[in-house]
Asker: 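Quick one: the structure is below, and I'll ask about it shortly.
All figures in this text were calculated on a predicted structure; none of them were measured in a lab. Letters A, B, ... mirror the listed sequences (proteins, then strands); counts begin at 1.
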Number of protein chains: 2
Amino acid sequence: MSHTLGIRQAQKQKTRQALQDAALQLLEEQSLSSLGLREVTRAVGVAPTAFYRHFRSTADLGVALVEEALGSLHPMIRTTVSTAGDSAERIERAVELIARHVDAYPAHVRFIARERHGGVQPVREAIRDQLARFAEEVRAELAKDPVSAGWSDDDLLMLAHLYVDQMLSTASLFLETLDAPEDERARVAGLARRRLRLISLGRLHWNGG
Amino acid sequence: MSHTLGIRQAQKQKTRQALQDAALQLLEEQSLSSLGLREVTRAVGVAPTAFYRHFRSTADLGVALVEEALGSLHPMIRTTVSTAGDSAERIERAVELIARHVDAYPAHVRFIARERHGGVQPVREAIRDQLARFAEEVRAELAKDPVSAGWSDDDLLMLAHLYVDQMLSTASLFLETLDAPEDERARVAGLARRRLRLISLGRLHWNGG
DNA sequence: AATTCCAGAGAACAGTTGTTAACTGCATGG
DNA sequence: CCATGCAGTTAACAACTGTTCTCTGGAATT
């Protein structure tokens, strides 16, 4: 049960969220590695020292952003690779879902793509861990599919990671088409579908390592 | 013919290279977006203002690093996807070549992986352009293979980009095993081989869009 | 109603940054 | 041999950074 927060805790969470939102916006044109604590507080309109009430450092802020950006994605994953429908339908559904997600949370997608290999170790690790959880869920979902008969767990995990990577790569491509003409977005969608189709073909003919 | 540089030009190129080397080393623990000009000159042991004799800004330095890191890779690409040998041999050769490259130029690999989606636009664009050139060369090489009969140029380019992405992804994985035990490296190599094998299987059964 | 707690403000700190200007010494070309 | 060019130096600038300490006002607790 969710206990209603006091005025005090509520206000604190509000400022904290404001800091995260401001950071996410500032990170459109730079990396977390160069994000300054004062820069963030200035954008929110709060004293620099208030930052420490919420985060130890900007790296700590970054880890919180990873949770925000990826934590809410887990339920979506399951429906994305759900075994319902034939292969073409599933691919179409997945690409569509990715496109919508990029539209809804472009800053989140940019942040993850940028910091996955970025210059701040704790953030890299947080992203790696979350993506590993994703891959594990995808693997579990793939295992339900009769196509996966004869597959080792290791091979299934390999395939799951391949799908997760494709998801991120596709999201990153969609990100670049956000302020591009519609036909450019359609081209990316077509490209993503063909890539998934090729991987699915390889999956169908997998001989088992 | 290569005209011998004067003492002057030679010394200039030497410091320029020193700046690039120092930057590359400093970028192991941060992103280009936070790399300071003074930081670089201090590491080289040269006055901050000397920087301007070589680069307009650190972003400019970054673009030069892209050339250095990726420019020399083109000849290697051709042999990597050359049509010699059967599928398993080609995959083995490719993974081996990537592993050796990561061993030889870890800082280069880290830089490209980090800045491909990094916070400095000109650098992102430079990397994107170079990778597009790679993909184009891979496409040309793939086109020679009889397996590619019936493939459209567009589909071949899609496959080529898939291979290039795999190359980068694998290199990034090898990078993380640089100070890890040998069996960890072997595990990554095996993973990379299986991923390439799955893609190659998809390629063999491609029905043509 | 009195007391404690704590998110945020304010001021000050030493250290850093990019950029400008005027300079020096040495390799170069006439 | 002398004049020019130019890589690198020195000094100084305003602006910015993260962090510490002290303080305040109002919510939370008793």
Asker: So, do B/Leu65 and B/Leu32 sit near enough that their side-chain heavy atoms are less than 4.5 Å apart?
Answerer: no
Asker: Quick check for you: name the first and last nucleotides of DNA chain C, 5' to 3', having an atom under 4.0 Å from a heavy atom of chain A.
Answerer: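 Contact boundaries, 5' end first: C/dC5 to C/dA12.
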Asker: With no hydrogens and no angle check, just 3.5 Å: does a side-chain donor-acceptor pair link A/Ser169 and A/Arg195?
Answerer: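 A/Ser169 vs A/Arg195: donor-acceptor pair found between side chains.
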Asker: Is there a donor in the side chain of A/Arg114 and an acceptor in the side chain of B/Ser31, or the other way round, less than 3.5 Å apart?
Answerer: no
Asker: Please figure out whether A/Arg8 or B/Glu39 has its closest DNA chain C nucleotide nearer the 5' end.
Answerer: A/Arg8
Asker: B/Gln9 or B/Leu35: which one's nearest nucleotide on DNA chain C is closer to the 5' end?
Answerer: B/Leu35
Asker: Any base atoms under 4.0 Å from A/Arg42, or only sugar-phosphate, or nothing? Heavy atoms, all strands.
Answerer: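 If one applies the 4.0 Å heavy-atom cut-off, A/Arg42 turns out to touch the sugar-phosphate alone, with no base involved.
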Asker: Within the structure provided, determine whether B/Glu39 and B/Gln30 are in side-chain contact (heavy-atom separation under 4.5 Å).
Answerer: yes
Asker: Expressed as a whole number of angstroms, how long is the span from A/Gln30:CD to D/dC16:P?
Answerer: 14 Å
Asker: Measure NZ/A/Lys12 against P/D/dA28 and give the value in whole Å, please.
Answerer: 13 Å
Asker: Round to the nearest Å and state the distance from B/Lys14 atom NZ to D/dG8 atom C1'.
Answerer: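 Checked: the NZ to C1' distance equals 15 Å.
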Asker: Does a side-chain heavy-atom distance below 4.5 Å link B/Tyr105 with B/Ile112?
Answerer: no
Asker: Does a side chain donor of either B/Asp21 or B/Gln25 reach within less than 3.5 Å of an acceptor in the other side chain?
Answerer: no
Asker: Quick one: do B/Arg187 and B/Glu184 make a salt bridge, cutoff under 4.0 Å?
Answerer: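 Yes, B/Arg187 and B/Glu184 are salt-bridged.
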Asker: Rounding to a whole Å, what distance do you find between A/Leu37:CG and D/dT20:P?
Answerer: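 Rounded to the whole Å, the gap is 11 Å.
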Asker: Salt bridge check: are B/Glu96 and B/Arg93 linked by an N-O gap of less than 4.0 Å?
Answerer: no
Asker: Would you say the side-chain atoms of A/Arg90 pair up with the backbone N or O of A/Val81, donor to acceptor, closer than 3.5 Å?
Answerer: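 No, the answer is negative, given that no donor and acceptor are paired below the 3.5 Å cut-off.
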Asker: Salt bridge or not for A/Asp165 and A/Arg116, using N-O below 4.0 Å?
Answerer: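 Yes, this pair counts.
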Asker: Could you provide the dot-bracket string of DNA chain D, using ( ) for intrastrand pairs, [ ] for crossing pairs and | for bases paired to another strand, with Watson-Crick or G-U pairs below 3.5 Å?
Answerer: ||||||||||||.||||.||||||||||||
Asker: Under 4.0 Å from any atom of DNA chain D, heavy atoms only: list the residues of residues 49-57 of chain B that qualify, in numerical order.
Answerer: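 B/Thr49, B/Ala50, B/Arg53, B/His54 - these, ordered by number, are the residues of the stretch whose heavy atoms sit under 4.0 Å from the strand.
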Asker: Can a donor-acceptor pair be found, under 3.5 Å and without considering hydrogens, that links the side chain of B/Ser148 to the backbone of B/Lys144?
Answerer: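 Not a single qualifying donor-acceptor pair exists.
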